[in-house]
Amino acid sequence: QVQLVESGGGLVQAGGSLRLSCAASGNMFSVNAMGWFRQAPGKARDLVASITRGGIPNYADSVKGRFTISRDNAKNTVYLQMNSLKPEDTAVYYCHARIQMLKYSVENDYWGQGTQVTVSS
């Protein structure tokens with residue numbers, strides 16, 4: 001059974017910073033791409049940032065230059081450093097990972113439970 005456990009959300013003033021963490025645990029062969037999505041009330045869940053197992057990042061245009069994604073493969077953990085936060089960054093942030101359970105199996109998608117980030121103006 002795979003679990004993605006997130007931490008680090010909270011309330012911060014505009015211009016402030018937060019760091020999200022997400023650790024994958026379970027009997028897994030390989031944790032491949034990892035990333036963060038967010039969903040504001042009444043809106044779709046959108047990609048914020050993703051990172052390949054080799055460390056190549058990809059960012060939504062709205063967060064480029066403010067957010068940094070990184071990972072520690074030894075810990076199966078992905079991080080999202082969020083700086084210069086804006087009220088429009090307020091959302092529930094979900095961790096995502098593509099995981100191979102066995103050496104020759106396909107990847108499956110796994111999600112964390114979500115963590116609330118609220119940015120006050």
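All values below come from the heavy atoms of this structure, side chains included, with hydrogens, waters and symmetry mates left out. We're numbering straight along the sequence, starting at 1.
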So which heavy atom on [X] is nearest to which on [Y], and how close?
| X | Y | result |
| --- | --- | --- |
| H96 | D109 | NE2-OD1, 3.0 Å |
| Y59 | T68 | OH-CA, 3.4 Å |
| L4 | Q113 | O-OE1, 3.4 Å |
| A97 | V31 | CB-CG1, 4.3 Å |
| P87 | S121 | CG-CB, 3.8 Å |
| S17 | S84 | OG-N, 4.4 Å |

Using links of under 4.5 Å between side-chain heavy atoms of ILVMFWY residues, direct or through other members, which residues join W111 in one cluster?
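Members besides W111, by chain and number: F37, L47, V92, Y94.
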With a cutoff of under 4.5 Å between side-chain heavy atoms, which Ile, Leu, Val, Met, Phe, Trp and Tyr residues group with L11?
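Via sub-4.5 Å side-chain contacts, L11 links to none.
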Side-chain contact, heavy-atom cut-off 4.5 Å: [X] with [Y]?
| X | Y | value |
| --- | --- | --- |
| T77 | R71 | no |
| L85 | F67 | yes |
| N58 | I56 | no |
| Q13 | V119 | no |
| Y93 | Q116 | no |
| T52 | N32 | no |

How about [X]: does its [atom1] atom have over 12 heavy atoms from other parts shown lying under 6.0 Å from it?
| X | atom1 | answer |
| --- | --- | --- |
| R98 | CZ | no |
| N27 | CG | no |
| Q3 | CD | no |

Can you tell me how far the [atom1] atom of [X] sits from the [atom2] atom of [Y], to the nearest 0.5 Å?
| X | Y | atom1 | atom2 | answer |
| --- | --- | --- | --- | --- |
| I51 | M34 | CD1 | CE | 9.5 Å |
| L20 | C95 | CG | SG | 9.5 Å |
| I99 | N76 | CD1 | CG | 7.5 Å |
| Y110 | C22 | OH | SG | 13.5 Å |
| Q100 | M28 | CD | CE | 11.5 Å |

Qualifying residues under side-chain hydrogen bond (donor to acceptor under 3.5 Å, both in side chains), relative to Q81, sequence neighbours excluded
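Listed in chain order: N83.
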Transitive ILVMFWY side-chain link [X] to [Y], under 4.5 Å:
| X | Y | result |
| --- | --- | --- |
| W36 | V5 | no |
| V2 | V78 | yes |
| M82 | V12 | yes |

Evaluation steps, side chain to side chain donor-acceptor pair (under 3.5 Å), between E88 and T90
CA-CA 5 Å; E88 50 263 44; T90 295; over 6 Å; no
Criterion salt bridge (charged side-chain N to carboxylate O under 4.0 Å, His left out) on K86 and D89, from CA distance to verdict
CA-CA 5 Å; K86 304 175 181 180; D89 294 318; over 6 Å; no
Verify salt bridge (charged side-chain N to carboxylate O under 4.0 Å, His left out) between D46 and R38, making sure each step is shown before the conclusion.
CA-CA 5 Å; D46 293 325; R38 66 186 180 189; over 6 Å; no
